[in-house]
> 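Provided herewith is a single structure, encoded as structure tokens, for subsequent inquiry.
The sequence lines fix the lettering, A, B, ..., with proteins before strands; numbering per chain opens at 1.
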2 protein chains.
Amino acid sequence: MDINAVNALSYEDFLEVFGNVIEKCPIIPAAVWTHRPFSGLEDIEAHISNFINSLPESGKEGILRCHPDLAGRELHSGALTRDSQEEQRAAGFTHLQPEEVSRMRSLNSEYKARFGFPFVICARLNTKRDIMRELLKRLGNDRETERTRAIGEVKKICALRLSNLVLHDPPNSEKTRVA
Amino acid sequence: MDINAVNALSYEDFLEVFGNVIEKCPIIPAAVWTHRPFSGLEDIEAHISNFINSLPESGKEGILRCHPDLAGRELHSGALTRDSQEEQRAAGFTHLQPEEVSRMRSLNSEYKARFGFPFVICARLNTKRDIMRELLKRLGNDRETERTRAIGEVKKICALRLSNLVLHDPPNSEKTRVA
């Protein structure tokens, strides 16, 4: 879908396509639709980033709390969004050894008890080994540093989800959505 | 569930209970969880209201765009949230005559073309006759007036959803959730 096609979407169709670029936060793409027409993918991304930056700190934490645990129970119960499921699979979390699962769950619990939101990292840009190392390292941050770091990861996840949806086609070439 | 029980909830359990008090916007209760402990139902409601007021105008429109059409296709396709389904049923929208359905759809389309968001009204506080009259009347508003009016309705819907969830019990009396 090229940017001209995106700019022609009703808010309902826009949400159908972009509703989950920020995990379980359709309000964000729904807000950004106000700013169309967009000049391109980077423009949509910039509006999303500005919107997130405009939120009070509680709102940024709210975004994080809408994310699932990595290697959490939802991964196996089928309760993840399709995006999350594919991202966690890509990082190798669907094939953990039992001791890796219990290590991740224990670190996730420690992290959530410390910060009051789940550990968020762009799984597509990291291996499961990177992720476990980062989780341990980030546990040492203070809450403000960690909130900022985690929101940076949310934006990376968003950029990758967006780039899967808006292809860099020349105008008028029709491609089907790659989700 | 009394307020002491609410204050003891993890963010995950809080979202399980309160995640849809603003339609399809779990980020809002997720943000408000930061402000616990709450003194009571009105305190939660006030934090939600303040959070909504803190949003840029695009964010308020984003909230509205997360709402379904009244008497829209989703009502019959089963795609509504349980909350919306019950509210629309209570207002009589599950038993419209074919000519009422087509009248509502035509007015909804006109409204969305004019404002770029769907018509939102607290269905539990109105009959279908009131709602159709209000829809016609509000079509005459300018966009800013109408956005403010619609966000007022979102807050009324939220107050009723909250009051269904947090019962005014004396502390320590256990009641099951009434959704």
> Decide whether A:L160 and A:L162 are clustered together by the hydrophobic rule: side chain heavy atoms of Ile, Leu, Val, Met, Phe, Trp, Tyr closer than 4.5 Å, transitively.
no

> Are there any donor-acceptor pairs closer than 3.5 angstrom between chain A and chain B, and if so, which ones?
residue : atom : partner : partner atom : Å
A:E12   : OE2  : B:K112  : NZ           : 2.9
A:A30   : O    : B:R65   : NH1          : 2.6
A:T34   : OG1  : B:E61   : OE1          : 2.9
A:T34   : OG1  : B:R65   : NH1          : 2.8
A:T34   : OG1  : B:R65   : NH2          : 3.2
A:E61   : OE1  : B:T34   : OG1          : 2.9
A:R65   : NH1  : B:A30   : O            : 2.6
A:R65   : NH1  : B:T34   : OG1          : 2.8
A:R65   : NH2  : B:T34   : OG1          : 3.2
A:K112  : NZ   : B:E12   : OE2          : 2.8

> Quick one: what part of A:L15 sits under 4.5 Å from any heavy atom of chain B, side chain, backbone, both or neither?
side chain

> Heavy-atom pairs under 4.5 Å with chain A - which of B:G19, B:G116, B:C25 has more of them than the others?
B:G116

> Looking only at non-hydrogen atoms, find the nearest pair between A:C66 and B:A30 and report the distance.
SG-CB, 4.4 Å

> A:F14 versus chain B, heavy atoms under 4.5 Å apart: side chain, backbone, both or neither?
neither

> Under 4.5 Å between side-chain heavy atoms, counting indirect links through other Ile/Leu/Val/Met/Phe/Trp/Tyr residues: same cluster for B:M1 and B:V21 or not?
yes

> Can you name the nearest heavy-atom pair linking A:P56 to B:F51, along with the distance?
CG-CE1, 3.7 Å

> Consider only side-chain heavy atoms of I, L, V, M, F, W and Y, link residues closer than 4.5 Å, and tell whether A:L165 and A:L125 are in one cluster.
no

> If you group Ile, Leu, Val, Met, Phe, Trp and Tyr by side-chain heavy-atom gaps below 4.5 Å, do A:V17 and A:V6 land in one group?
yes

> Contact part of A:P118 toward chain B, heavy-atom cut-off under 4.5 Å: side chain, backbone, both or neither?
both

> Tell me, side chain or backbone of B:I63 under 4.5 Å from chain A's heavy atoms, or both, or neither?
both

> Measure the shortest side-chain to side-chain distance between A:I27 and B:I22 over non-hydrogen atoms and say whether it is less than 4.5 angstrom.
no

